[in-house]
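Below is one structure, written out as structure tokens, with a few remarks after it.
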Amino acid sequence: MSLSSRFENIEMVQHLCSKLLEGRDVPEELRHWILMALREALANAIKHGNQQDTTKHVHLEMDIVGDTLAISIRDEGPGFDPEAVADPLAPENRLKTSGRGIFYMRTFMDDVRFRRHASGGMEIVLKKTLGAVNEKEEDRA
Amino acid sequence: MKTNVRDAGGVQVVELKGKITIGSGDVQLRETINKLVDSGKKNILVDMKEVTTIDSSGIGELVGCYTSVTNKGGKLKLLHLPPKINDVLTVTQLITVFDVYESESEALASFRG
Ligand SMILES: Nc1ncnc2c1ncn2[C@@H]1O[C@H](COP(=O)(O)OP(=O)(O)O)[C@@H](O)[C@H]1O
Ligand SMILES: [Mg+2]
């Protein structure tokens, strides 16, 4: 799905993700951290990627495959080099007023990847293992 | 976010309620604290009990407030930190930066010490 670049949309997407996790017996704590990582990724796409230009879109995919939640978020911005992002734990950055979002995503998710998308813009893929699958019969013998 | 400021024996207790997130609450927090600093208040206790959500922008603003109060020779301390906000401050090694209190009377006493 696609959203316009407004911070107000962050909560709507959090609700959708929450819905997706329903019935999966995801502990409240885990769900909370997933939703925080999701929030940070969306905020970056809207702020740094699309620079709050409401005519630009954030493209979103969320799915649970097996026991893993995968979220892809793509913006229509200039992209950036994730390797060049400063370490928020470095003493000289500790008291900065920004620069913690990607760190939180990496802390709370199992896997965080960035890539420049073929159609332009930056794509971030967040993954989290949710634990044992709830379905009774899983035919993957 | 809603804010309420009350004076407790010279300490400004800033009660925050709701979300401190990007585009909603983050700037408001800064403005509330700046107003106190500009009017010469030096002892500020931020009560986080009713903060429901904070994100990296909210954390950034909290750090910014801490710095501006400290630079003016004042003190900014935290009261009633919800466990998840405690976690978020811990992983970014900010928990040791802030003086955090569980009880208001202890927090207020610490400003006199
Ligand atoms: N989608 C994006 N497009 C362009 N730049 C980005 C994007 N996401 C992150 N960045 C860059 O990475 C930096 C670090 O992001 P983050 O850790 O979330 O901290 P913050 O958002 O507080 O700056 C940003 O300041 C920005 O320069
Ligand atoms: Mg960010």
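No hydrogens, no waters, no symmetry mates; every other heavy atom, side chains included, goes into these values. Numbered from 1 within each chain, the chains take letters A, B, ... in sequence-line order.
For B:V91, the parts lying under 4.5 angstrom from a heavy atom of chain A are both the backbone and the side chain. Residue A:Q14 does not touch chain B at all, counting heavy-atom pairs closer than 4.5 Å. Residue contact with chain A, scored on non-hydrogen atoms closer than 4.5 Å, involves the backbone and the side chain of B:I22 alike. Neither the backbone nor the side chain of B:L62 comes within contact range of chain A, judged by heavy atoms closer than 4.5 Å. With a 4.5 angstrom heavy-atom cutoff, A:I10 touches chain B only via side-chain atoms. With a 4.5 angstrom heavy-atom cutoff, B:K19 touches chain A only via side-chain atoms.
Taking each heavy atom of A:S18 and A:R31 in turn, the nearest pair found is OG-NH1, 2.9 Å.
Comparing B:I54, B:V63, B:T53 by heavy-atom pairs within less than 4.5 Å of chain A, the highest count is held by B:V63.
Distance alone, capped at 3.5 Å, places no donor-acceptor pair between the B:N43 side chain and the B:G74 backbone. Under a 3.5 Å cut-off, the side chain of B:D55 and the backbone N or O of B:G58 do form a donor-acceptor pair.
Of the inter-residue distances, the one linking A:E76 atom CD with A:M122 atom CE reads 15.0 Å to the nearest 0.5 angstrom.
One hydrophobic cluster, built from ILVMFWY side chains closer than 4.5 Å, holds both B:V97 and B:L89. Side-chain heavy atoms closer than 4.5 Å link hydrophobic residues (I, L, V, M, F, W, Y) into clusters, and following such links, even through other members, never connects A:M36 to A:L60. Follow the hydrophobic side-chain contacts under 4.5 Å out from A:L126 and you never reach A:Y104; the two are in separate clusters.
Residues of residues 79-98 of chain A lying within less than 4.5 angstrom of chain B, judged on heavy atoms, are A:L89, A:R94, A:L95, A:K96, A:T97 in numerical order.
Side-chain N/O atoms of B:K77 and B:S110 include a donor and acceptor closer than 3.5 Å.
Ring geometry for A:H57 versus A:H59: interplanar angle of 30 to 60°, hence tilted.
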